[in-house]
J.: 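Pasting a structure here, questions to come.
In what follows, every heavy atom counts, from backbone to side chain, and hydrogens, waters and symmetry copies are set aside.
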Amino acid sequence: MLLLSSLSNAFSISSAGRPSARSSPMMAEMANGKMEFDNVAREWRCKWQDDGGGKASSATLVAIADVVDEFLPQLKALDGAVVNRAVCGGGLDFKLCT
């Protein structure tokens, strides 16, 4: 339950409960100009527990999905936001990127 509490706290969008709009970032450079990007993302990660059924039936992933579903409308409402979910079966990682 500590995992879900931490995950739920991590998804707080704003104190008023409204998504805050962000301006589009300028293209950034890294590695002395050899890498450029114009997409800056926030990533939340947590571990999930394999209860024997893997990704298909993990109770932890179901609980994580419930928390994500609660905050998904707020995340998608952010200007220009795209939300991606990733589940790694080998490392038991769950990632949510906006």
Side-chain angles (χ1 to χ4, degrees):
M1 205 43 108
L2 176 62
L3 168 71
L4 292 179
S5 173
S6 299
L7 187 61
S8 179
N9 290 338
F11 285 123
S12 296
I13 303 301
S14 72
S15 59
R18 294 183 309 265
S20 57
R22 288 184 236 157
S23 61
S24 298
M26 296 179 63
M27 184 171 288
E29 287 187 15
M30 295 172 42
N32 293 325
K34 292 185 178 191
M35 291 185 221
E36 294 181 347
F37 61 92
D38 59 1
N39 182 25
V40 177
R42 173 176 285 160
E43 181 179 279
W44 290 280
R45 292 180 177 206
C46 63
K47 294 289 188 181
W48 59 276
Q49 185 175 12
D50 185 354
D51 53 10
K55 295 184 282 188
S57 64
S58 168
T60 334
L61 280 177
V62 170
I64 290 169
D66 289 341
V67 172
V68 170
D69 287 344
E70 180 181 345
F71 290 95
L72 201 55
Q74 291 174 305
L75 291 170
K76 287 184 173 182
L78 294 170
D79 186 33
V82 175
V83 181
N84 293 304
R85 302 179 203 197
V87 177
C88 174
L92 303 179
D93 288 315
F94 172 84
K95 302 172 190 175
L96 183 74
C97 300
T98 59

J.: Return the SG to CG distance between Cys97 and Asn84, rounded to the nearest 0.5 Å.
T.: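 Between Cys97 SG and Asn84 CG, I get 6.5 Å after rounding to 0.5 Å.
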J.: Could you give me the CA-CA distance, side-chain angles and deciding distance for Val87 and Leu61, then say whether side chain to side chain contact (heavy atoms under 4.5 Å, CB included) is met?
T.: CA-CA 9 Å; Val87 177; Leu61 280 177; 3.9 Å; yes
J.: Can Glu43 and Leu96 be said to form a side chain to side chain contact (heavy atoms under 4.5 Å, CB included), step by step?
T.: CA-CA 6 Å; Glu43 181 179 279; Leu96 183 74; over 6 Å; no
J.: What do the steps show when you test Asp50 against Leu92 for side chain to side chain contact (heavy atoms under 4.5 Å, CB included), and what is the final call?
T.: CA-CA 7 Å; Asp50 185 354; Leu92 303 179; 4.1 Å; yes
J.: Between Asp69 and Arg85, does any NZ, NE, NH1 or NH2 come within less than 4.0 Å of an OD or OE carboxylate oxygen?
T.: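 Yes, charged N to carboxylate O under 4.0 Å.
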J.: May I ask you to decide if Trp48's main-chain N or O and Thr60's side chain share a donor-acceptor pair within less than 3.5 Å?
T.: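 Answer holds: no.
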J.: Assess the residue pair Asp66 and Val68 against the criterion (side chain to side chain contact (heavy atoms under 4.5 Å, CB included)); give the C-alpha distance rounded to whole Å, side-chain angles, the decisive distance to 0.1 Å, and a yes or no.
T.: CA-CA 5 Å; Asp66 289 341; Val68 170; over 6 Å; no
J.: Taking Lys47 for its side chain and Gly91 for its backbone only, find out whether a donor-acceptor pair lies under 3.5 Å.
T.: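 Between the backbone of Gly91 and the side chain of Lys47 there is a qualifying donor-acceptor contact (under 3.5 Å).
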J.: Could you give the distance from CZ (Arg45) to SG (Cys88), rounded to the nearest 0.5 Å?
T.: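 Taking CZ in Arg45 and SG in Cys88, the distance rounds to 9.5 Å.
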J.: Taking all heavy atoms of Cys46 and all of Ile64, pick out the closest pair and write down the distance.
T.: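 Nearest pair, atom of Cys46 first, then Ile64: SG-CD1, 3.6 Å.
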J.: Please give me the minimum heavy-atom distance between Ser57 and Gly53, naming the atom from each residue.
T.: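 Taking every non-hydrogen atom into account, OG-CA, 3.4 Å.
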J.: Once you round to the nearest 0.5 Å, how far does CD of Gln74 lie from CD of Glu70?
T.: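 Those atoms lie 8.0 Å apart.
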J.: Flag yes if Val83 and Trp44 sit in one hydrophobic cluster, no otherwise; membership is Ile, Leu, Val, Met, Phe, Trp, Tyr, and two members link when side-chain heavy atoms are under 4.5 Å apart.
T.: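 Per the 4.5 Å side-chain linkage, Val83 and Trp44 are co-clustered.
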J.: Grab the two heavy atoms, one from Ala31 and one from Met35, that are nearest each other, plus how far apart they are.
T.: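 That closest heavy-atom pairing would be CB-CE, 3.9 Å.
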